[in-house]
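Presented below is the structure to which this report refers.
Chain letters run A, B, ... following the sequence lines, proteins first and then strands; every chain starts at 1.
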Amino acid sequence: MIQQLLTEKSAKAIELLFGVKPAAEQLTLQRTIINFRNQGDFSLVVFPLLKLSRKSPEETAKLIGEKLLEIAQEVESYSVIKGFLNLRVKPSYWINFLRNNFSVENFGQHEKKSDVPVVVEFSSPNTNKPLHLGHIRNNLLGWSVSRILEANGQKVIKVNLVNDRGIHICKSMLAWKLFGNNATPESTGMKGDKFVGDFYVLFDKKFKQEVAHLQQNGYTEDEAANHSNLMAEARQMLISWEHKDPETRDLWTKMNSWVYNGFDQTYKRLGIEFDKTYYESETYLLGKELVEEGLKKGVLYKKNDNSVWIDLTSDGLDEKLLLRADGTSVYMTQDLGTAQLRYDEFKPSALMYVVGNEQNYHFDVLKLVLKKMGNEWADSIFHLSYGMVELPEGKMKSREGTVVDADDLIDEMINTAKQTTIELGKIEDFNSNEALNLYKTVGLGALKYFILKVDPKKNMVFNPAESIDFNGNTGPFIQYTYARIKSVLRKAEGLQIDFGKTDEMHQRELSLAILNYSYPQIVAQAAQEHAPSVVANFLFELAKEYNQFYHDLTILKEENDDKRSLRLALSKLTSITLKNGMNLLGIEVPERM
RNA sequence: GGUCCGGUAGCUCAGCUGGAUAGAGCAGCAGCCUUCUAAGCUGCGGGUCGUGGGUUCGAAUCCCGCCCGGAUCACCA
């Protein structure tokens, strides 16, 4: 890596000049800022070195620059501006890099690191309502982070944990039973998850009516809720379910299968799949044994009513319930159990959970409880906490009907892509199938990029009133750049790429080469930070750089064979980098658009 | 109230392991297609980086106080 090499040689130069080896933190080598790119490619900051040199910044920089010309064959020239030593790397270095990499299809893929997998859990929907924009962010993040880890040579197991049981599921079941008239998704022509979701909403509506009615008869709000027949029936249904009552179980199986059918369609459209799906109905009893164990070890304790707790106050958290007085488990108990299950099953190097930041506390507790019970592997638990997607006026609220439905949004994006494409007159020679594929690719590309370009940690704002852009820092911009390059490459087929004795490069060529060169480092950084946004922002920069290159220089019409070869190689490599990078975001890239 | 996260241009976001004159995109204005795809390129206007202190040769970036916004502190999941 050239940065590392230049840093090492600089250290050497300093040692030779001033007789002292500089500390690592005294050596900052950065990409030369854009305004001074004509002066060099990388810059060494000399201020921290003045203590060693005991000379002015300018003089120090000059001395180091001269010395580097002697001892670093990669350095072509230097210039000094204020306290910055700008170094120009010999073009032959980049040419050599291009020669070796310009047609490497898996450019950016790191070598396999180990067979020990990382387990990534994401999506984890409830089966009582359809997926919405928040789920989309979760799914895209989980998918993309998995791809990024894979690109870094790690083995990844993508798992989904479906929340398919509980009182909320019983609510939609009960509503269907009481008010559904045996309707089905087939009989109504509805998507299964939407169909079931409507009954969940219906339950809530009927329940509120009942409560309001009771309140009119003199009950307080709390009393009314407690006297609700509907709620009592839902609770009874949960008990029946837990007793494996056949009729209840049949209804449950039937309605869940409708939901899964709907989810599968959405996952497929998003291009997402899992290696393994867990169901809470099968795992919700796990964790009780762990609690027994914890009691024996004295890590947990029982209160008078027989409920089981852990005291985390000494760690700055609170007391946390793990088993109710009646011995039933809570969310935390289940999660302890599934974590243990997953650890036993895969012996992974890390257990990753892609879950919204509203659950930060939950995961702090989860990790701590496991740790206190003596599980060293608890340290490998990583909560990939992401921010909420909000509307300009704040949170999405189902009550106010402001929740942005996943399918609707996808439809809308594909539709906009269609309109835009037709307006621009891009598809005269496309057959209908090609055209449909293009709309899908571009529409989803816009949506996915829009979401993934934002730092996962941060909340983000989505304004339904403005459609997601197709120009500027967007997915379609990058896709367009790719298609543009492919068009050039198609026309260049048969041309020999052979850059014999090219020894000088245009600034645009240089920048493009260096950006591509840094892509593998970007992939590593994205993995380290668990941030697809790192890749997204890089790709935008690269696409922008290519468009400038494309605008300023000719490629096919260049008559000098060496220059044309260099530009074709740069084009080819850029297309590969764009494609591979977009792939890490789960975004497809069209050959023409 | 405790804990955690955030506050950068009208809007959406980069930059945050300290380094050069704080960057993009959108929106606005002005240009560039008989030339490899104009979903592109170029230019203009737009900033007390919430605020007050501190550390440093140097602070949007690190530390402390305060203000504002959000999340969370459930025998819901």
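- Between A:R165 and A:K320, it is A:K320 whose nearest contact on RNA chain B lies nearer the 5' terminus.
- At a threshold of 4.0 angstrom between heavy atoms, the contacts of A:A483 include nucleobase atoms, whether or not backbone atoms are also involved.
- Distance noted for atom C1' between B:C5 and B:C16: 15 Å (whole Å).
- Checked against the 6.0 Å centroid threshold, A:W252 and A:Y279 do not count as a close aromatic pair.
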Please output the side-chain donor-acceptor pairs of residues 521-530 of chain A that fall under 3.5 Å, not counting sequence neighbours, one pair per line with the distance.
{"unit_1": "A:Q521", "atom_1": "OE1", "unit_2": "A:Q3", "atom_2": "NE2", "d": "3.4"}
{"unit_1": "A:Q525", "atom_1": "NE2", "unit_2": "A:E529", "atom_2": "OE2", "d": "3.1"}

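- Contacts of A:V461 with the nucleic acid, taken as non-hydrogen atoms under 4.0 Å apart, involve only primed sugar atoms and P, OP1 or OP2.
- If you check every strand for non-hydrogen atoms under 4.0 Å, A:T481 touches nothing.
- One C1' atom belongs to B:U61, the other to B:G15, and the distance between them is 9 Å to the nearest Å.
- Side chains of A:N360 and A:S385: a donor on one and an acceptor on the other come within 3.5 Å.
- Scanning RNA chain B 5' to 3' for nucleotides with an atom closer than 4.0 angstrom to a non-hydrogen atom of chain A gives a first and last hit of B:G7 to B:A77.
- Each of A:S533 and A:T421 lies near RNA chain B, and the nucleotide nearest A:S533 is the one positioned closer to the 5' end.
- If you check every strand for non-hydrogen atoms under 4.0 Å, A:L489 touches nothing.
- Glycosidic conformation at B:C33 (O4'-C1'-N9-C4 for purines, O4'-C1'-N1-C2 for pyrimidines): syn, within 90° of 0.
- Looking at heavy-atom distances under 4.0 Å, A:E280 makes contact with sugar-phosphate atoms alone, never a base.
- A:Y550 comes within 4.0 angstrom of a base, heavy atoms only.
- Taking atom C1' on both nucleotides, B:C13 is separated from B:G53 by 30 Å, rounded to a whole Å.
- Both tests do not hold together for A:R567 against A:Y550: distance to the six-membered ring centre under 6.0 Å, angle to the ring axis within 45°.
- With pairs defined as Watson-Crick or G-U wobble and both atom distances under 3.5 Å, the stems of at least three pairs that touch RNA chain B come out as B:1-7 with B:67-73, B:10-13 with B:23-26, B:28-32 with B:40-44, B:50-54 with B:62-66.
- Atom CD of A:E319 is surrounded by more than 12 heavy atoms from other residues, nucleotides or ligands within 6.0 Å.
- Using a 4.0 Å heavy-atom distance criterion, A:K544 is classed as a sugar-phosphate-only contact.
- B:C44 and B:C63 have their P atoms separated by 37 Å, given to the nearest Å.
- Comparing B:C64 with B:G70, their C1' atoms are spaced 23 Å from each other, to the whole Å.
- Cation-pi check for A:R165 over A:Y284 is met; the charged atom lies under 6.0 angstrom from the ring centroid and within 45 degrees of its normal.
- One distance of note links CG of A:N306 with CZ of A:R324; it measures 14.5 Å at 0.5 Å rounding.
- Residue-level contact check: A:D305 touches the bases, meaning some heavy atom is under 4.0 Å from a base atom.
- Across the C1' atoms, B:A59 and B:G54 are found 11 Å apart, a figure rounded to whole Å.
- When atom types are taken as modelled, the side chain of A:T554 and the backbone of A:K557 share no donor-acceptor pair closer than 3.5 angstrom.
- In summary, the side chains of A:S172 and A:N128 do not present any donor paired with an acceptor at a separation below 3.5 Å, with no hydrogens or angles considered.
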Could you give me the CA-CA distance, side-chain angles and deciding distance for A:Q507 and A:R37, then say whether side chain to side chain donor-acceptor pair (under 3.5 Å) is met?
CA-CA 8 Å; A:Q507 186 58 51; A:R37 285 279 163 80; over 6 Å; no
